[in-house]
Amino acid sequence: MGRKARYAQGHRRSVNGTGKTRPATAVVQGGRLPKWTGPVVNTPVWRASTILYPDTASLKDGVKTNADGEWFYGRRGTPTQWSLAEALTELEPGAVGTMLYPSGAAAVSGALLSVLTPGDHLLMTDSAYDPTRRLCDAYLRPRGIETTYYDPTLGADIVKLVQPNTRAIFMESPGSLTFEVQDVPAIVGVAKACNLITLFDNTWATPLNLPVIPMGVDLSIIACTKYVVGHSDVMLGSVTSGAATWNNLRLTAQVLGQCVSPDDAYLAARGLRTLDVRLARHSESALKIAKWLLDHPKVGRVLHPGLPDYPGHEIFARDFKRATGLFGFTLATGDANQLIDALEHFGIGYSWGGYESLALPTEPGRCRSAVPWTHGTVIRLQIGLEDVDDLIADLRQALDSA
Ligand SMILES: *Cc1c(COP(=O)(O)O)cnc(C)c1O
């Protein structure tokens, strides 16, 4: 939304724009309505529990309209959170709104709990983030919601797994440990034909590289902790919804008491403004490193969907604007832990999406059930914003020593 439109318009709760503004512009302008920012550039941090009303008539009006983006009570947010939610909504053309959560894991559970009721059946990609699997196995199953894990490379054939009580299909592409690419249009086509709801964990690509709501997905989930925040200092999640699922998503988040602090929302919005340039650098450096690793004699497989020979690359090239900074590789010879310990420029730790590089040994075989993982230990790299040649030199010396 440009300057004149921002001043002219109030907060919209109808279906958002048609995607006429390009994403790199939307990410800078989104949610910065003057009634929220005041005369400054960024929406300030509004801390609140109680919201004061001038009189009892206004108090009653507040209850009656019950609108998002209007003052009500601290749990419903303040301009700081509304501004971030609105900015995320604008990145998914056709979306109706965004709910914020205190972590990406809470966003995944908030989305699934808004869709599923006891007796329902869920189709979950076998490449899903491990805590998402735990939610299905340890929480949903005892409450009468069954999950079938499916091969992430299934396209329209997923229809064979649909049961009479199937309610939803959950996708994550590429999988954040194993990097299989899913055929989203084919799966959404089956979902529409069978009247199923689709959810997509879009943490890896973000809506800048793959807006999924315009592809017909109902719920777009992001662990903002990763690229949106971008500085490894805030936990936050979001779910952006199309029209059909919005009311239930909003209701579920509200009755479960989900809210995020204005300080965290402020930092996430600040991160969001530079997302496009950061992703461009993450993406370029990661692809360069992936290509370099391909030629190294000690390297086995390189799991990067941007590589032309990678299985699923055609689907990737068709649907995604570009890759991001997270990918994996395996060793043909040598020890993964020894290699990681020898690295100088890569931190060792969970999470990713910050400005700094990380390396992690992972065992995808432990969290698979539909298709066994046969490639052993995967070294997962998060490529940060350092000089790429320093990172390559570091990987070279570590590979030599492993
Ligand atoms: C990290 C991550 C999450 C969970 O986010 P948190 O903020 O750490 O709870 C969900 N999905 C994917 C793909 C992730 O990488």
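In each ligand, atom 1 is the first atom listed, and ligand 1 is the first ligand listed. Quick note: residue numbers are just sequence positions, from 1.
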What orientation do F320 and W204 show, parallel under 30°, tilted 30 to 60°, or perpendicular over 60°?
perpendicular
Kindly say whether the aromatic ring centers of H282 and Y227 come within a distance under 6.0 Å.
yes
Less than 3.5 Å apart, N/O on ligand 1 and N/O on the protein: could you list those pairs with the distances?
unit_1	atom_1	unit_2	atom_2	d
ligand 1	7 (O)	G104	N	2.8
ligand 1	7 (O)	T225	OG1	2.6
ligand 1	9 (O)	G104	N	3.2
ligand 1	9 (O)	A105	N	2.8
ligand 1	11 (N)	D201	OD2	2.7
ligand 1	15 (O)	K226	NZ	2.6
ligand 1	15 (O)	W352	NE1	3.3

On a heavy-atom basis, which atom in D389 and which in D387 lie closest, and how many Å separate them?
N-OD1, 2.8 Å
Parallel under 30°, tilted from 30 to 60°, perpendicular over 60°: which one fits the rings of W36 and W82?
tilted
So, D394 side chain and E344 main chain: donor-acceptor pair closer than 3.5 Å or not?
yes
Residues that Q338 engages under side-chain hydrogen bond (donor to acceptor under 3.5 Å, both in side chains), provided they are two or more places apart
none
